[in-house]
Structure formats: structure tokens, C-alpha cells
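Before any comments, here is the structure.
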Amino acid sequence: MFYREVGQFKTSYDADEAIFPIAQDRWSVIVLIAFASLGVPLFAGQYLYTEVLIPVLILSIAAIGLNILTGYCGQLSLGSGGFMAVGAYAAYNLALRLPETNIILVFLFAGVMAMLVGLLFGLPSLRIKGFYLAVATLASQFFLEWAFARVKWFTNYAPSGSVAVGRIELFGIPIDTPGKTYIFVLAITVVLTLAAKNLVRGRIGRMWMAIRDMDIAAEIIGIRPLHAKLSAFAVSSFYIGVAGALWAFLRLGSWEPLAFDVNRSFQVLFMIIIGGLGTLLGSFLGAAFIVLVPIFLNQLPSWLGIAMSTAMISHIEFMLFGAMIVLFLIAEPHGLARLWAIGKEKLRLWPFPY
Amino acid sequence: MLGPVLETLIGGLMTGVLYSLVALGFVLIFKASGVFNFAQGAMVLFAALSLARLSEFMPLVLAFAFSVLIMIALAYAIEFLVLRHLVNQEGIILFMATLGIAYFLEGFGQTLWGSDIYKIGLGLPTNPIFILESVFPGGLLIDPVELIAAIICAVMVLVLAVFFQVTRVGRALRAVADDHQAAQSVGIPLNQIWLMVWAVSGLVALVAGMMWGAKLGVQFSLSLIALKALPVLILGGLTSIPGAIVGGLIIGAGEKLAEVLLAPVLIRTFDLAGGGIENWFAYVLALAFLLVRPQGLFGERIIERV
Amino acid sequence: MRAPSEHEIAAGNVLLAVEDVSLAFGGVKAVAGVSFDIRKGEIRAIIGPNGAGKTSLLNIINGFYQPQHGRITFKGRPRAAMRPYDAALGGIARTFQNVALFKGMTALDNIMAGRTLKMRRGLFWQLLRIGPALAEEIEQRRRVEEIIDFLKIQHIRKIQVGKLPYGLQKRVELGRALAMEPDLLLLDEPMAGMNLEEKEDMSRFILDVNAHYGTTIALIEHDMGVVMDLSDRVLVLDHGVKIADGTPAEVQADQAVIDAYLGLSH
Amino acid sequence: MTGKTMSGIRVGIALAGAVAVAAPALAQNEQFIPNLVYRTGAYAPNGVPFANGIADYYRLINERDGGINGVKIVFEECDTGYATDRGVECYERLKGKGPTGAAYVIPLSTGITFALTEKTTVDKIPIISMGYGRSESRDGSVFQWNFPLLGTYWTAADIILQHIAKKEGGFDKLKGKKIALVYHDSPYGKEPIALLQKRAQMHGFETLFLPVTHPGVEQKATWLQIRQNRPDYVLLWGWGVMNSTAIKEAVAVGYPREKMYGVWWSGAEPDVRPAEDGAKGYNSAALQHTAGQFKLHEDLKKYLYDKGLGAAKWEETGEILYVRGLINAMLGVEAIRTAQERFGKKPLTGEQVRWGLENLDISADRIKQLGFEGELRPIKVSCADHEGTRTGRIQTWDGKKWNIASDWLTSDDSVIAPMVKEAAAKYAAEKKLTPGCLVTN
């Protein structure tokens, strides 16, 4: 009853092509964004900002990026960490060498550089598929990790190999508190998410999905695999690069290449598997899941008043993620997002059983 | 100059043998069930941990026997809990599922067995052997542990080859590898075969874990050798046992030679902060190969049908 | 047997000609020296027993397989082989024996995907989805809705095609092919696995497409009744070799055909 | 089950105990201390004993003394896995806990120390990086919140070089020699490079830097290069599984262990034990203390282990890294005690504890009183010197235990001080800081 689309007639294709054709969806998204930007700052403390909201938002951008490539276009990548590193170091170097550059431009540059590198490493996807491609993306992961540790110019000859960013400001306003950082990240996330939503429901998104579902048939209706795959690599790497720069600048502040190692790649992949392959909502749910579970596990023993060692918590985290991935792949390949959709379906009929 | 190069080559080849051993586990599973088992590395860790911890209480032989049982139980659990539910899924989904299994096993293994460094005391000689001392100054170095590992690996491959060629189970396995449905239609029970093949690759993991463990100690990082075996597979072809062996040797020798010979040149030319190129070099080598010959050295050509 | 249509009058205007084409897999000859043509506006049937090389021939026409020998002339342009993309660009659409839809997408998106070639706006406009990109999308949507109406699949528009029954999937696939506004439509067993009612529906759609859009159609079909009803001309293959070519009546009377095919199935 | 898993569980019990006390009472008389550790992953073999030492000392203070002057210590562990980003996460998660927030943070990783350096300045929480961290951070006028107590990596490298020079008969004898550094490819491993380069320039020896990729199990090529380049000495800056692997590989290529010198993080039992007899003769720097039980252990036994409250196994309490954990925790507790003298016997803020650290002055008598005699030399911290003392020794593994193999060696400040000054000035310039001592009211 609460989620009814009955009675909402679309009188034009224009209306049906709107970004959220169902009124409840439209309103809930508007309310959600309004709440996130206006409501949350009323009560959020520093911990909620820096440990939950900011990391979830930034990782969601990375997850959207990987979801475009893997979930929408069907090209498995284990190189997200490397592309995040490209974004981080590109942003670092631009901010370092042209300190007057607007921070928005810095992040755009990060995305563009990651996009170019992504295009380069996406080229093999034309010849190789599936886990062969996954292994090829691992090659890029290891190479990039190595390059940022070894080429001294990237780290401005820092003897430790660790780099740090200074003050960040936007149009003269310093982004120095968790609250401001959050709003800034939120704005970027909203813009990038809406752009991704537009892409995946238009011509390009259909091209990606066609390649994913059946690349041979796609070619026959005039979709060039080269075009589709490379555009997916480009857009995906752009998002991941921006996420990497945000992660480095607004979350870590100081980092070394290990912050973007292969575990980061796995982490982002797990987000989209658990959240839902080929859904944008899933990218958010997956990121939230991956961020919240360790926090939750750490709190759990004290809530329950039982003894659990630090090592045990870590091990459980490993086991839980592993089990969740298998479970989702078996039971619900579309992940948390699908569970959400089923829930919505139920709400549509509630309280009537049919 | 020749001495060091030869020595690096020998060292690389022997490391390569150990890679082959891990890659072999991958190949077996892929051949029979089409699953690209990323958890092979975690299985190596798990097997080695079992062996190391059990051997603290009992003679090594007994510990080995128990570990074999544990690996078979593990194979059964994987088949029963995971694979059975993912029949007919795309390869990529199965691959991701094994990623999940790998994570689970890493946590589970450490919960069960601990996360310290453990010893596997095979009583192998550790001091280096030098050969051809008359030809090269200082002789050529050979690590006896690796030499023994190489021999064990060779025996292992021989046994597997015989197993596949001669036994009834082996023939059934090959039939399954060729065509699942056809094999099923002539009455070969798929589930049993899969169980079998996971158990065998568990055994291979145990041997690999034993050799690596004897060399370096058993510790969490063992699971990372899965990442080392991937380029080997790409190079050798996913379905070929000889491919895994030859691929391992090429990757092992290639990466060590690159590190010793190429890295110093790169460092000088580009003013790098150190070498350490072997990690990606193996992958780039495999990738370059892949672009030329997508099915790998010995792999079967993949023909796509509409 | 239907009355000669107006298209047959226009016959003689060749859209696609295949000359002496051969294709072998390993040692097996799938197609051996086949020559035939498809005329503008006609409905051309390709028949033959299993393994006769029918599907292989379609695959050669739209560039899936590269023939080892022979020449294809499409719209007056001869070439040794097609590429699938070039075929699509040139206006060749097709459906498959085992439906080749994009299973994760809705029926609407599947058909919209068929209009990819008609859409021009690049990444930037797509990102914003305002102005030209939105206008283009809405324009194409309008065309696609016509096809949806025509195939009477309005009710399944927003359902993932993987969840649809087989018959409807076939219809969506036809819709996707039609969305390309093809000059030549290749149908590989469009009625396989359908019940009588569905077959009648599908026959009606095929005839309507031919009449309504003037689309040239080449189809592979096993049901001889359907073939005789629908087609203007029939090509008969057996073991990769052409054994007859002519009107349904001529083919039906051909001794070689009766021996190789009709004789066996009747 | 035996071993570390079990001991881990015992820590858990101890931990939950503390939390259970904390939660219902909402007691305000508690000092919260976060504990960044790693009990899992590639570095667990070294992380676990250290974490146990810290945990046991805090518990001992609570059990024996009822806290620091009556202020109970509440601590919480967070597993970083030695990963910098996890470390930052842990820090952020724990920094605000307790009535006054975190007293100080012990990152137990140079990478995490680097990452936290700027954050702690904003949050006003001091970092104790005992025997690690940024070498230039001993300059308290620039790095006001960093305390690399007992010695930085420049100190460590200098002590080792002094020992080698002594063996060779003076620094001038190093001319033409070749010294290799096998290092963990992270900020930790890279720290000594600057000092080695400086000393190489001064004395004319050659250097060879060989990075080892995380986690350090892949060192075959590294050691083949060592065999082929035949350096006169090999310095090892490894951690966790990398150390034991390095020694094993040295055995495999026949490099004499007597010529290998590890930093003090490469000189504990887990590093040499897996190599068995092969490690015999291997040297490492020692951070003032040695292995073995000492006076404090009487209390540890009486108040913790006899009651089953200890985090480790009793036999493990004499291990090097466990002892180091004890010392680290003790220095932190003493800093709080020092600060309490000025700010009152109540839970203190990080800012107040920082004052305690900067005015930390532990005399020989006090060390004896604390039960650490023989494990630590007097330490006096000041704004100009956040290191407090820079003296160490060299120890050698005889196959069974570590033996002290040198006199006390103090790093040469005529070499290091200018380097610190330069590096700190560069940092201050980059961050636009005005150097100066921090005054806390």
C-alpha cells in the first residue's frame, strides 16, 4: 500500500524517461539527498562523519566505477586499487606542482588521468575475456603499485615514499572539518551518481549491458565491442580515479602505495558482489556493508558482553566476508540491491498478502 | 657474468617448480569442473597449517595422513556447500565464489590453527651446495631444499599423469573435462568426479604447502602464492598439466632473471628507488604471451559457438 | 500458397548475392560452393535437413563466419567476407535459433539497443541527459513503442527478458531486429518450439513486416506448411550443397528435394 | 589448541572484563588508551608478543595499583594488520573514546605513524613511536606531538655502523667496503637510507639498496643479487615474516650470518627461530633491553599469570618483543603519571599527556623502582629532544638465545643532529608551520 504505482499514468515518453519515473522513488531520492545534506549535519558527530559517512561515500564512488565495468559491461577487473592509486597520485602531483589549482579541477584531473591509464590497460579486453582479463587487470594492479613506489617523481622525491597533502580549500573556504569534508564528498557523490544513472539508462548503458549479456549478439545489432568495452573502461576508471583521489586527500591525508594494494581491489569487488552487480544502489549498499561490518564486529563483543580477541574479530571478518560472497553468489546474484527491490515489492502490496 | 646468470636461472627454475606445483592444483580443478579456483592459495595455506600444527603432536607421517583427511573433508565441504549450488553458472561467477572461499579459508585456517610462523621439520639439509666450482669462481649455487622440492614435484606430476592415463577414475575425469553433459549421459557421476578432483588438488596443495612451508615456514603469507600461480596458468594454458609445469619454469626463471639483470638497468635508466620488478614482470610476461596466444602454451583452443 | 505479391513484381532487383561460397570447420564442409541471391522485398526461405548448412549460411551473410572461398555482394558492393558490425551498419538484422537476447535487460531496453546505430549523442550529452541527448532518446523511444505496439508486447515492456516465456522472447528478439529498420532481415527458425497459435501469430508478424515496412526477409524454417505459405522463393540445401532453388511450387516438385528432404520427412 | 590463538583469547577475556566494568558504571575515573595492534596477517608473529606485553602492563597497573594513582586504565585493541589505512581507521574509531579521549596512540608501524602525524596534531593526541617512526620527528619544536622515544632509525643505523666500524678498526677502514640494505618496501624500510647515504659519503663505502615487497616472502632474487654483489655487510630492515625469510634465504645462498645486522625490529625470537641453526651468528641492534624475565615479572606472575589473567603464555613473557611491549606501555603510563603531577590525579586529555611526555624524566632509581632495572637506561625527554636517549647495543643469536655482543653505543649526534634539523625544517616549510615549543597550560 505504501509503495504503489497504480494511478500514476505517464502521459508522455518524456515522463517515462525521467530519471525516477515512479513518484515514490523520485520523492524518496529527493528526501534522502535533502536529509543527507541538511539533516545529517544536525546530529552527526565526528566519528559518524569520518568513520562511516565519508568512507562509505568515497568507496561508493569506487564501487559505482567498478560496477560500470563489471556489473554493467561484464568485464571483471581486479585492478581497482591501482586505478585509485593513479587518481591519488595524479591529484597529489597536480596540487603540489600547481598549488593554485581549484580542488575540483584537481579531482577532475585525477579522474582523467585514471581514465587514460584505464584505457591503456583496457586494450587487452578486446582479445581476452573472463578470468584471463581478471589476471590482466592484476598485472596493471601490480605494475601501478610498483611504479608509484619506485618512480621518485610521483612522490616528489620523498625519502620515505609516503606523501601527504596540505590544506584543501574550495573557493577560499577551507575544507578542514569532518562536517565540511562530508558535504563536499556528498556533493561529488550525488553528481557522479546522477551522471552514472543517466549513462546506464541511455544508449551507452545499453551498449555495455548488451556486451555483458551476449557480446556476439551485440555486435550483430551494430554495437562495436571496442567502443563499448573501452568506454566502460574509461568511465569506470574515471570514477575509480576520482574515488582514489578523494580517499587519499580527504580520508588518509598521508599515504603510501600500499594503501592501494591488491586488497583494496578485492575490497571494491566485494562491495559490488555483495551490494549487487549491475545496480547503482548496490554500489552504495555494498560500500556501506563493507565499511560497517568491521565496525559492527568490533562493537559486538562488548554489546554482548562476551570475550572475543582482536585476532578472532579479524578472522571472523575474513570468514564473514568470504561466506557472504559465496552466499550472495548462490542465493542472490543481484546482491543487497535485489533484496531491497524484493522488499519494495512486498511493500507495494502490504498489508495485503497478495 | 655467465656464472651469475646461470645461477639465477637455476634458482629461478627451482622456484618455478614450486609455482608449478600450485598451478597444478588450479589446472586439475579447471580441467574437471571449469572452475578457476582462486582459493588454491588459501588451500595451500590451510593444508600447510594443518600439517605444521599436527606435526607438533604426532610424527610427521601421521600428521600428513591426517592432513590428507582434512583436505578431503574440505573438498567435500566445498563441493557440498558451494559448487553444488552453482552448477551451470558462468565461469566468472564461479571464480568470484572461489574468491569468497579463499577469504573464508584464510580466516578459518588462522582461527583453527593460529597465525604465528610454524615449522614443518622435514629434516632437509639447508646449507647450499656448490657445483662446477672449477668452471665458475665460487661455483654455482644450488639450494638443496629447492632441489628436493623439484624432485618431489616431478614425482607428483608423474603420479598424476599415470593416474589420469591408466585408472578408471582418471579416464572418467578426462571424459568430464571434455564434455560435462556427454560424460553425465554415459553415467559418470559428476558430483563424485568433482569431489574427487577437489580432493586431489587438495592433496597437491598439501604437497606444495609442505615444500613451501619447509623452506620458509608456514605463515599467513603462504596464501599469497595463489597470486604467483596465476601468470603461470595464463602462460601454460588453463587445462594443461604440462603447461603448468613449463609455465612455472618460464615464470620462475623469467622473473628472477628480470629482477637480477633487468632491474638494475631500469633503476639506472629511470633513477628508480629500487627494483622489485619481479612481481609485475611475471604478469606482464604472461600478458604479452596471452595477447599472442590466448589459449596459452598448451591450452586447448577455445571456439565460440552461437 | 498465397497470391503473388507486389514485391515479386519488383523481383530481379537483387539485394544480396552469394557466389560460390564455401566454409569448412577443420575437415567438415559446412557450406560447399553455394550461390544464390535475395531480391529486394521478397521473403526467401532456406530449407534443408539438419546439418545442411543453413545456419552457417546465415552466419556467413552477417559476418559471423568468414568463408574460405567465394564472394558476397550486398547492395551492389562485392566483398570476400562481412564483419558483423559492417553487416549491421549496412542494414542486415537477424534473429537466432536459440534466442540471443540480452537476458539481464528489459524487453524495452533490448529493443532500444537495436536502435544503437540510429543514435548519435556522445558520452558528454549522455552524462547530462539534457537537450539533444534527451530529445534523441525520446524520439527513439517513440519509434520503439511503435514496434512494441506492432508486436503486441506492451505488457512486458519493463520485464527482464530472461524471465519471459520462450514465445515472447522470440517476439522481443524480432522486435530488436526490427528496431534496426533493416533492409534485410535474417530469421533463423523463428517458429521453433512454438505451438500452433504462436506460429500463426509469428507468421502474421513476418508477413506484416514484409508488407508494412517493405523489409526483405530470409528465413530458415522446418515447418514446410509455413514455408510454403510465407515464402516467395525457396533455397534447398543438403550437406552444404544447393540442391534446388525456386518458387515453393517448383521446389516441392523437385525430385532431388523430395529424395533428400521431403521424401524423408513425409 | 595451544599457542598464540589461545593467548589471544585470553586477551579478549581481559579486554571484555575491562569493558564490562566500564559500561554500566559510566565511571569517569578512567584513562582511555587505544591500542593499535596486529594479531593477524603476515606480521602477526611479531605483532602478537608486542601487543601482549602492552596489554599485560596496563592490566598489571590496574590489578596491582588500582590504576595510575587510582585512575583506572581502560584500553581497547584494534587490529590494523600493519596496513596504514586500517591503522588510520582504528585511530579515528578510538581517538574519542573514554571520558577524555585517547591519552596517546602507539601506532606500531612507521607507515601509520606517518599517516597519523598530521591528524594527531589536529586532534591533540601524542604519538609514542618507540624505536620507530619518522627519524626527524625527534625535533619537538616541529613535531610537537611525535615521540620517537629510545631511538629513531637513524640512531639504529648509526649504532650498527659504529659497531661494524669498530670491528673493522675504525670508520676509515670502511672505505671501499660495500654495505647492502635489505629493506621492507615501506616508509619503515626506507627510513635508514638517508643516514646510510650520509655515512657512505663521509667514509667512502659503497651502498646497495634492495627493497623487498610486502609481505616479504619473495626474496630469492634479492639474495641472489647479494650473492653476486658480495657486500661486506648486509643490514636488514624487515618485519614479520620477512625477517625469518631473509635469514633462511641467507642460509640458502650461503651468505655468512655473522655479517648480517638487523635493526631492533629484526632481532626477536620469531625472526630467528624458524631458521633454526641457520640463524646462528646473526646480529641485530638491541633497543636497550634484552630478552629474558626480570624483576617486573615477579609482579606479572603474582597479579596476572597466577590468576590466569595474562595475555601470553608464561614462557613467552621473556621474549624480546613482549618485553618491548612492557617498556612501551610503561613509558606511556609514566608520562601520564608525570602529567598527573601537574594536572591532577584524574583522567587526562591527550594534550595534558603530551606535556607529560615532553617532561618525562625517568632516573635510574625510578627505573629500579618500576622493576625495569637492566632493561632501560635513564631517559629524559625535552622539547628539543623527543627521543630521550639514543643508546643501544648489538646482540647475537647463538642458536638458542640472544647474547649481548657489544658495549653501549650511542649514535653520533654530530652526524644526525644536522640531518634532523634539515629534514624538520623542510617539513615545517612544506606544512607552513612555525617551529616552536608547545606550551600547555
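Just the heavy atoms: all of them, side chains too, but no hydrogens, waters or symmetry mates, feed the values below. Just so we're on the same page: letters track the sequence lines, and every chain starts at 1.
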Least distance between heavy atoms, [X] atom then [Y] atom:
{"X": "D/D85", "Y": "A/A259", "result": "OD2-O, 4.4 Å"}
{"X": "D/K431", "Y": "A/A164", "result": "NZ-CB, 3.6 Å"}
{"X": "A/R251", "Y": "D/E89", "result": "NH2-CG, 2.8 Å"}
{"X": "D/S186", "Y": "A/E256", "result": "CB-OE1, 3.9 Å"}
{"X": "A/A311", "Y": "D/T40", "result": "O-CG2, 3.7 Å"}

Engaged part of [X] at the chain D interface, taking heavy atoms whose separation is under 4.5 Å:
{"X": "A/I313", "answer": "neither"}
{"X": "A/L252", "answer": "both"}
{"X": "A/E145", "answer": "neither"}
{"X": "A/V165", "answer": "backbone"}
{"X": "A/R264", "answer": "side chain"}

Next on the checklist: Does any backbone or side-chain atom of D/A194 lie under 4.5 Å from a heavy atom of chain A? Answer side chain, backbone, both or neither.
Outcome noted: neither
Item to check | Segment of D/V122 engaging chain A (4.5 angstrom heavy-atom cut-off) | outcome: neither
Checklist entry - Is the CD atom of A/Q46 crowded by more than 12 outside heavy atoms at less than 6.0 Å? => result yes
Checklist entry - Pick from D/R93, D/R86, D/K432, D/E191: which one has the most heavy-atom pairs with chain A under 4.5 Å? => result D/R93
How far does [atom1] of [X] sit from [atom2] of [Y], to the nearest 0.5 angstrom?
{"X": "A/T310", "Y": "D/R39", "atom1": "OG1", "atom2": "CZ", "answer": "5.0 Å"}
{"X": "A/Y47", "Y": "D/L94", "atom1": "OH", "atom2": "CG", "answer": "7.5 Å"}
{"X": "A/I54", "Y": "D/E92", "atom1": "CD1", "atom2": "CD", "answer": "9.0 Å"}

Item to check | Derivation of the side chain to side chain contact (heavy atoms under 4.5 Å, CB included) call for A/R150 and D/D185 | outcome: CA-CA 10 Å; A/R150 291 291 181 270; D/D185 193 7; 2.7 Å; yes
Checklist entry - Which one of A/P294, A/S162, A/P257 has the most heavy-atom pairs closer than 4.5 Å to chain D? => result A/S162
Checklist outcome for this item: If you tally heavy-atom pairs under 4.5 Å between each of A/G161, A/S314, A/G253, A/P55 and chain D, the highest tally belongs to A/S314
Item to check | Residues forming a side-chain hydrogen bond (donor to acceptor under 3.5 Å, both in side chains) with D/Y91, sequence neighbours excluded | outcome: D/D123
Next on the checklist: Set out, in order, the CA-CA distance, both residues' side-chain angles and the distance that settles side chain to side chain donor-acceptor pair (under 3.5 Å) for D/E118 and A/S254, then state yes or no.
Outcome noted: CA-CA 8 Å; D/E118 271 131 73; A/S254 155; 5.6 Å; no
